[in-house]
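I have placed the structure first, in the form of structure tokens, so that the comments after it can refer back to it.
When reading the values below, keep in mind they use all heavy atoms of this one structure, side chains included, and skip hydrogens, waters and symmetry mates. Every number for a ligand or one of its atoms is a count from 1 in the order of the listing.
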Amino acid sequence: MASSTALICDTEAWKDLKGHVEDINKTHLRDLMSDANRCQSMMMEFDGLLLDYSRQRATVETMDKLLNLAKAAQLTEKISRMFSGDHINSTENRSVLHAALRAPKDAVIKADGKNVVPEVWNVLDKIKDFSEKIRSGSWVGATGKPLKDVVAVGIGGSFLGPLFVHTAIQTDPEALESAKGRQLRFLANIDPVDVARNINGLNPETTLVVVVSKTFTTAETMLNARTLREWITTALGASAVAKHMVAVSTNLALVEKFGIDPNNAFAFWDWVGGRYSVCSAVGVLPLSLQYGFSVVEKFLKGASSIDQHFQSTPFEKNIPVLLGLLSVWNVSFLGYPARAILPYSQALEKFAPHIQQVSMESNGKGVSIDGLPLPYETGEIDFGEPGTNGQHSFYQLIHQGRVIPCDFIGIVKSQQPVYLKGEVVSNHDELMSNFFAQPDALAYGKTPEQLQKENVSENLIPHKTFSGNRPSLSLLLPELTAYSVGQLLAIYEHRVAVQGFVWGINSFDQWGVELGKVLATQVRKQLHSSRTQGTALEGFNYSTTTLLKRYLETSSEPQI
Ligand code: F6P
């Protein structure tokens with residue numbers, strides 16, 4: 001067992017897996033897939049979900065060795081410390097309790113000795129009440145009109161999770177029906193183009209702005225919030241802010257200072273990391289305004305179902321644990337630096353961007369939780385697109401170029417089925433034909449011998465050969481509802497935690513985003529003084545000075 005300051009790579013379990021790579025390199029998925037017992041042992045079902053990881057480059061022995069690694073990493077203890085509210089985010093001295101955001105009302109989850117579940121439900125009840133008032137029209141804007149459109153202003157975790165869930169459920173029949181006549185938009189980028197796009201076609205009289213920021217200090221969000229405050233007050237007068245702007249934050253003092261009535265602020269807590277905050281008011285408020293609280297509650301319940309599964313299921317049947325261990329195997333032992341997230345569902349088009357933050361901001365670290373430099377890489381490069389769009393874009397590289405483990409996500413029942421008379425299959429079957437075909441194409445490939453039998457001309461054989469042996473996993477959801485979206489979210493959140501726990505890093509801080517922010521402050525000051533007083537550029541290197549000079553001399557920015 002690793003002591004708290006030892007690195008996981010020094011354990012016997014890690015070394016054993018390093019040695020095992022040689023065994024796996026002698027196998028091909030073509031052969032592994034013909035062992036039905038092996039494949040059967042690599043299927044996992046839980047609460048309607050089916051996970052098939054038989055196309056991973058792993059044997060039953062590999063899985064045993066990975067479970068040993070989990071033991072060496074003290075995974076059981078680390079998971080239990082997370083759910084007990086220990087300050088496992090040690091560099092920020094915080095608990096990590098996003099699971100408490102979706103816990104049932106009668107659950108007891110403590111942070112610093114205090115049960116946080118009643119506070120969570122106070123805010124949820126407040127959201128329910130407020131969103132019903134807005135949706136029913138009993139809360140009206142400054143000119144007496146109902147507020148039918150919402151612009152959520154926020155960035156990073158205060159944007160990507162809510163956008164993902166919104167995009168995933170907006171075509172679900174129940175959600176679609178409950179959102180009739182309403183619009184939800186997201187303003188994230190400080191690029192003024194994003195402001196222009198988001199207010200295009202909106203009337204301040206019928207718009208509610210929700211400012212979402214954990215810290216209420218994020219430069220982009222605060223300037224965007226001031227820009228929309230200006231948009232509202234120019235049209236409706238200063239007093240309209242009380243009716244047209246609300247906030248979600250852990251920093252209620254700054255919310256008030258901004259000019260938003262504290263009664264119209266929805267709190268969350270420092271034990272919720274930004275990228276894990278979609279189940280707090282960060283996501284629940286804008287989504288409830290659009291879809292009604294009862295739909296969003298189903299999303300919370302789906303996530304909670306996975307929380308319970310993660311906490312209580314033996315590791316060999318535990319979906320987030322298995323996925324996390326396999327990711328460690330792919331990154332640290334097989335040496336694959338990337339992972340493709342490929343949902344065969346247009347509704348999940350914003351899933352990969354969300355998981356990029358959840359995974360890469362969490363696990364892109366260079367030192368252990370104790371500050372020791374790591375002699376191994378952590379995290380992976382996540383990217384993805386919905387199938388079949390990805391197939392017509394970057395799949396060439398995945399099939400014949402670099403080896404990239406793929407997550408295929410499929411849905412049994414379409415949110416919007418279409419069947420055209422006379423067609424061979426329904427539109428959803430057509431989509432899903434690709435979901436079922438791609439993993440085998442990657443695993444089996446195509447040999448020169450097969451091509452010869454097909455009379456392919458000799459000169460084309462190397463070009464048409466597929467090496468195969470490319471790993472993937474398939475996750476099949478029965479349907480895409482608010483509930484299953486919650487399940488999917490929690491699976492990936494916990495998978496990322498498992499990876500971080502095994503690698504022995506702190507997956508819950510993000511110091512890596514700070515340096516760029518500090519340097520931007522220096523540039524901001526310089527732009528201000530150069531534009532207002534013509535101050536010469538100072539303190540920048542040759543490259544940045546040249547670029548800034550060109551920018552200042554040729555830009556047509558409005559003068560301050
Ligand atoms: O980019 C860094 C970060 O701190 C993220 O972790 C976070 O999700 C985002 O900025 C937004 O922060 P806030 O919600 O405090 O505005």
Side-chain angles (χ1 to χ4, degrees), residues 88-98 101 123 151-166 186-191 194-195 198 209-229 245-258 260 265-287 350-366 379 382 489 492-493 496-497 500 505-521 524:
I88 62 167
N89 176 359
S90 50
T91 62
E92 296 180 310
N93 194 22
R94 289 174 181 167
S95 312
V96 176
L97 280 179
H98 44 275
L101 299 169
V123 176
V151 181
V153 182
I155 198 163
S158 295
F159 156 63
L160 290 162
L163 176 68
F164 147 57
V165 179
H166 168 56
F186 293 91
L187 170 57
N189 201 334
I190 190 50
D191 186 340
D194 210 13
V195 176
N198 272 290
V209 174
V210 183
V211 184
V212 186
S213 175
K214 181 175 169 181
T215 54
F216 232 68
T217 58
T218 301
E220 295 89 338
T221 299
M222 296 326 297
L223 183 51
N224 274 336
R226 291 193 293 275
T227 307
L228 289 203
R229 185 176 60 190
M245 290 189 91
V246 299
V248 176
S249 187
T250 58
N251 195 336
L252 299 183
L254 285 186
V255 170
E256 191 170 3
K257 208 166 159 210
F258 180 88
I260 292 176
F266 298 82
F268 66 113
W269 307 272
D270 72 356
W271 41 261
V272 182
R275 54 196 173 276
Y276 297 95
S277 65
V278 57
C279 294
S280 73
V282 165
V284 176
L285 178 62
L287 294 165
K350 296 295 177 190
F351 187 52
H354 177 50
I355 295 308
Q356 275 176 341
Q357 189 197 9
V358 171
S359 165
M360 291 161 84
E361 195 167 86
S362 296
N363 286 342
K365 303 287 162 66
D382 285 295
L489 170 87
Y492 275 74
E493 284 180 347
V496 165
I505 57 178
N506 183 355
S507 299
F508 304 104
D509 62 10
Q510 59 287 314
W511 298 106
V513 302
E514 295 304 321
L515 181 59
K517 288 188 198 170
V518 174
L519 297 185
T521 303
R524 187 185 302 122

Using 30° and 60° as the class limits, which term best fits the ring planes of Y492 and F351: parallel, tilted or perpendicular?
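Perpendicular: the ring planes of Y492 and F351 meet at over 60°.
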
Hey, can you tell me if H98 and F508 have their rings parallel, tilted or perpendicular (30° and 60° cut-offs)?
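Judged by the thresholds at 30° and 60°, the geometry between H98 and F508 is tilted.
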
Taking side-chain contact (heavy atoms from CB on, under 4.5 Å) as the criterion, tell me which of V255, V212, V284 meets it with V248.
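Option passing the side-chain contact (heavy atoms from CB on, under 4.5 Å) with V248: V212.
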
Member of V209, I155, V211, N198 meeting the side-chain contact (heavy atoms from CB on, under 4.5 Å) criterion with L187
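Only one of V209, I155, V211, N198 forms a side-chain contact (heavy atoms from CB on, under 4.5 Å) with L187, namely N198.
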
K365 side-chain N/O to G500 backbone N/O, donor-acceptor pair under 3.5 Å:
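No: the side chain of K365 does not pair with the backbone of G500.
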
Within less than 4.0 angstrom of ligand 1, does Q357 place any heavy atom?
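Yes.
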
For ligand 1, does V513 get within less than 4.0 Å through its side chain, its backbone, both, or neither, judged by non-hydrogen atoms?
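It is the side chain that touches ligand 1; the backbone stays farther off.
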
Would F216 count as being in polar contact with ligand 1, using the rule that some N or O on each side must be under 3.5 angstrom apart?
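No - when backbone and side-chain N and O of F216 are compared with those of ligand 1, no distance drops under 3.5 Å.
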
T221 versus ligand 1: do any nitrogen or oxygen atoms come within less than 3.5 Å of each other?
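Between T221 and ligand 1, no N or O pair is found under 3.5 Å apart.
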
Tell me which protein heavy atom sits closest to atom 6 (O) of ligand 1, plus the residue, atom name and distance to 0.1 Å.
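Result for atom 6 (O) of ligand 1: E361 OE1, 2.6 Å.
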
Among all protein heavy atoms in this structure, tell me which lies nearest to atom 8 (O) of ligand 1, with the distance rounded to 0.1 Å.
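Nearest protein contact, heavy atoms only, for atom 8 (O) of ligand 1 is G157 N, 2.7 Å.
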
Considering all protein heavy atoms, does one lie under 4.0 Å from atom 10 (O) of ligand 1?
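False for atom 10 (O) of ligand 1.
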
Any idea which atoms of ligand 1 are less than 4.0 Å away from a heavy-atom of I155?
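What qualifies from ligand 1 is 9 (C), 11 (C).
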
ring-ring contact (aromatic ring centres under 6.0 Å, His included) partners for F186, two or more places apart
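Result, ring-ring contact (aromatic ring centres under 6.0 Å, His included) vs F186: H166.
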
